[in-house]
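Reminder, nothing fancy here: chain letters follow the sequence lines and each chain counts from 1. Quick caveat: nothing in here was measured; it's all calculated off a predicted structure.
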Amino acid sequence: MVYIVLQRAAREVLARTFGDEGTELGPAETVADLAAYVARRETERPRWVWDYTRRWYPSLLAGGVRVERCVDLRLSHAIMRNSTLTAGSALATSPRSAWDYSLVVDEPRVRDEALFDFDEADPIGEPDAAAEFLLQREAIAASADPGRIGLLLAAESAGALIACEMKSAGLPVDADTHDRLLTDLLGPRPRYGERPAKLEALLDVMRGILDSNDVNPDSPAELLKALGRAGIMATSTRSWELKEIKHPVIAPLLEYKKLSRLMTANGWSWLDTWVADGRFRPEYVPGGVVTGRWAASGGGALQLPKQIRGAVIADPGWKFVVADASQLEPRILSALSADRRMAEAGRGDLYEGIVASGAVKTRAQAKIAMLGAMYGATSGESGRLMPALTRAFPQAIALVEAAARAGENGEIVTTRLGRSSPLPGSEWQAAQGDAYGEAATPQTAARARGAARSWGRFTRNFIVQGTAAEWALCWMAGLRGRLWSLAEDQALDRPHLVFFLHDEVIVHTPARLAEQVVLEVRAAAVDAGRLIFGAMPVDFPVTAVTVDNYAQAK
DNA sequence: TACCCCAGCGCG
DNA sequence: AAAGCGCGCTGGGGTA
């Protein structure tokens with residue numbers, strides 16, 4: 001494997017080539033035309049090593065240059081700084097440096113988005129990418145499990161490439177259809193600052209029932225008061241609480257809230273702001289969530305409501321292949337814990353399998369029980385089902401229980417591939433101290449216990465959600481390679497990823513290749529399971545459908 | 001005016 | 001069903 005480390009200098013880019021052993025191959029090169037250089041050396045199939053993919057790759061993509069693989073030094077650094085698999089390495093024990101700052105929200109240098117669009121060196125000074133690269137290679141080599149951490153870093157870096165490519169391609173959104181969907185539900189687009197007809201009509205109905213002409217349903221505090229005056233003693237205006245109340249105003253109010261939400265979050269102004277040239281281009285943020293899931297910013301990409309998915313329409317002659325990993329997190333749990341009985345139950349529909357095992361009576365119960373096991377439910381139906389689930393699958397439940405105990409004790413937990421949880425913050429530590437200190441009271445003890453359990457629920461879920469995120473990254477990285485091989489056209493004329501949502505992807509593909517894409521999506525899922533869990537016989541079935549618009553996928 | 005926090009709800 | 005995990009966005013309402 002050849003690694004080419006790119007480094008911004010004052011006016012140009014410096015490229016240094018390294019071999020597997022960390023030995024430098026040949027002299028450093030000064031690069032004037034980066035896109036041309038990368039395109040030329042990409043034929044060697046190197047790993048491009050750079051500080052931050054989002055800083056380098058968009059301009060390459062804009063120049064028509066796609067790369068197969070990279071090392072994102074900042075994302076890799078963030079993982080190895082915390083991972084129990086690299087604890088004790090020079091990287092993990094060194095003081096915080098520039099390599100630690102990019103993912104810290106409060107860090108002033110990243111507040112300025114322009115920094116990343118800027119094709120020049122950071123005026124504050126460029127950290128030495130080659131030195132960091134060698135430090136990382138050393139940490140991987142000395143790791144307790146180089147294979148796992150290496151796979152995680154490769155998958156994370158592939159994710160960084162995919163995030164840029166998806167933004168570059170964009171998700172196709174049809175403005176006219178979006179407008180029609182809104183008009184059907186809300187009435188025609190109102191003038192700025194006005195409510196659409198449907199909301200206005202519902203408001204009239206509510207005001208009539210409440211006998212109040214100035215109630216503002218958009219203000220929870222005001223609404224609560226108005227409900228109180230009408231004799232409705234709710235403690236909040238949350239929909240699920242209102243649903244339990246029998247009163248004529250509830251039905252129009254719930255409908256108002258639903259439609260109002262659509263209007264504000266994904267209405268006309270959403271389209272104006274976030275969709276341009278028929279494409280929705282959110283900023284995906286790999287590693288943006290503490291568990292390793294992606295975050296996104298700009299238009300709420302990961303919350304695209306079902307109501308408007310019909311406006312996500314494939315180009316003429318193209319299709320969407322919408323694929324999601326069925327029941328991913330419980331399957332991850334059975335693989336992580338090597339619980340063969342749960343793996344057996346997951347041969348087909350996992351929840352039906354749990355019913356067949358005799359643990360619970362209905363599919364709905366199986367689902368609630370599994371969610372409770374992974375989230376740490378203690379009460380309600382979910383809590384009541386736990387003992388039966390534990391009897392049926394002791395090995396799987398023991399794994400999440402151990403993770404919960406670790407968190408309650410303030411310890412770290414680690415995913416399958418090596419992403420470790422953060423330590424609880426100083427407030428948490430202080431609360432634990434208060435429970436035993438001289439000033440301890442029943443109140444401080446209860447607060448400490450509550451905080452401990454809460455952190456335990458976090459670590460319990462961390463290993464499952466985090467390992468599921470690793471699976472999804474491996475799935476998507478493998479799929480990206482497979483899609484690329486399906487055609488010989490220009491990048492955007494080949495099948496390509498346009499959307500990712502934790503356990504679901506959308507591929508935009510020429511219609512003639514859709515059937516093949518479905519096969520690749522499934523094959524990539526099989527690969528991902530093998531890569532991460534080896535011979536452990538856990539199935540990761542994928543539901544994949546070929547559609548013209550996103551709403552047609554269930 | 002510019003921020004910050006909260007309540008509420010969308011997604012997995 | 002409304003207890004338990006992780007997010008981002010909006011409008012309201014407060015403070016500086």
Would you indicate which nucleotide in [options] comes nearest to any side-chain atom of [X]?
| X | options | answer |
| --- | --- | --- |
| A:Ser236 | B:dG8, C:dA2, C:dG4 | B:dG8 |
| A:Ser297 | C:dC9, C:dG6, C:dC5 | C:dC9 |
| A:Arg309 | C:dT10, C:dG12, B:dG12 | B:dG12 |
| A:Gln303 | C:dG8, C:dG12, C:dA3 | C:dG8 |
| A:Trp274 | C:dA2, C:dT10, B:dG12 | C:dT10 |

Just to be sure I understand the rule, does [X] reach a base, reach only the sugar-phosphate, or reach nothing, if contact means heavy atoms closer than 4.0 Å?
| X | value |
| --- | --- |
| A:Ala296 | sugar-phosphate |
| A:Arg384 | nothing |
| A:Gly299 | sugar-phosphate |
| A:Leu328 | nothing |
| A:Gly300 | sugar-phosphate |
| A:Val290 | sugar-phosphate |
| A:Thr378 | nothing |

*Step-by-step side chain to side chain donor-acceptor pair (under 3.5 Å) determination, A:Tyr57 to A:Asp72*: CA-CA 11 Å; A:Tyr57 200 28; A:Asp72 186 305; over 6 Å; no
*Mark yes or no for whether A:Asn549, through its side chain, and A:Gln552, through its backbone, hold a donor-acceptor pair below 3.5 Å.*
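Checking the backbone N and O of A:Gln552 against the side chain of A:Asn549, a donor-acceptor pair under 3.5 Å is found.
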Is the shortest side-chain N/O distance from [X] to OP1 or OP2 of [N] below 4.0 Å?
| X | N | result |
| --- | --- | --- |
| A:Ser219 | C:dG13 | yes |
| A:Thr237 | B:dA7 | no |
| A:Lys367 | C:dA1 | no |
| A:Arg457 | C:dC5 | yes |
| A:Lys243 | C:dA2 | no |

Rounded distance in Å - [atom1] ([X]) to [atom2] ([N]):
| X | N | atom1 | atom2 | value |
| --- | --- | --- | --- | --- |
| A:Glu283 | C:dC7 | CD | P | 18 Å |
| A:Asp503 | C:dG6 | CG | C1' | 13 Å |
| A:Met263 | C:dC9 | CE | P | 19 Å |
| A:Leu262 | C:dC9 | CG | P | 17 Å |
| A:Asn461 | C:dG4 | CG | P | 13 Å |
| A:Met370 | C:dG4 | CE | C1' | 13 Å |

*Which angle, rounded to 10°, do you find between the first-five-pair axis and the last-five-pair axis of the helix from B:dT1-C:dA16 to B:dG12-C:dC5?*
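Helix axis angle between the two ends: 0°.
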Can you find a donor-acceptor N/O pair under 3.5 angstrom joining the side chain of [X] to the base of [N]?
| X | N | answer |
| --- | --- | --- |
| A:Gln465 | C:dG6 | no |
| A:Arg293 | B:dG12 | yes |
| A:Arg261 | B:dC9 | yes |

_Could you check whether A:Lys319 pairs with A:Asp548 (Lys NZ or Arg NE/NH1/NH2 to Asp/Glu carboxylate O, under 4.0 Å)?_
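Looking at A:Asp548 together with A:Lys319, the answer is yes, because their closest N to O distance falls below 4.0 Å.
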*Looking at A:Lys198 and A:Glu255, does any basic side-chain N land under 4.0 Å from a carboxylate oxygen?*
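Yes, this pair counts.
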*What do you reckon, is CG of A:Asp211 surrounded by more than 12 foreign heavy atoms closer than 6.0 Å?*
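Incorrect, the count does not exceed 12.
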*Can you establish whether the number of heavy atoms outside A:Glu427 located under 6.0 Å from its atom CD is more than 12?*
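Result for CD/A:Glu427: open.
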_Quiz question: by atom type and distance under 3.5 Å, do the side chains of A:Ser326 and A:Thr543 form a donor-acceptor pair?_
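Their side chains do contain a donor-acceptor pair, which is all the 3.5 Å distance test asks for.
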*Check the pair A:His178 / A:Trp268 against ring-ring contact (aromatic ring centres under 6.0 Å, His included), numbers first and verdict last.*
CA-CA 8 Å; A:His178 178 261; A:Trp268 291 279; 7.6 Å; no
*Pick one: which of A:Ser334, A:Pro394, A:Ser337, A:Ser357 meets side-chain contact (heavy atoms from CB on, under 4.5 Å) with A:Met342?*
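Of the listed options, the one satisfying the test is A:Ser334.
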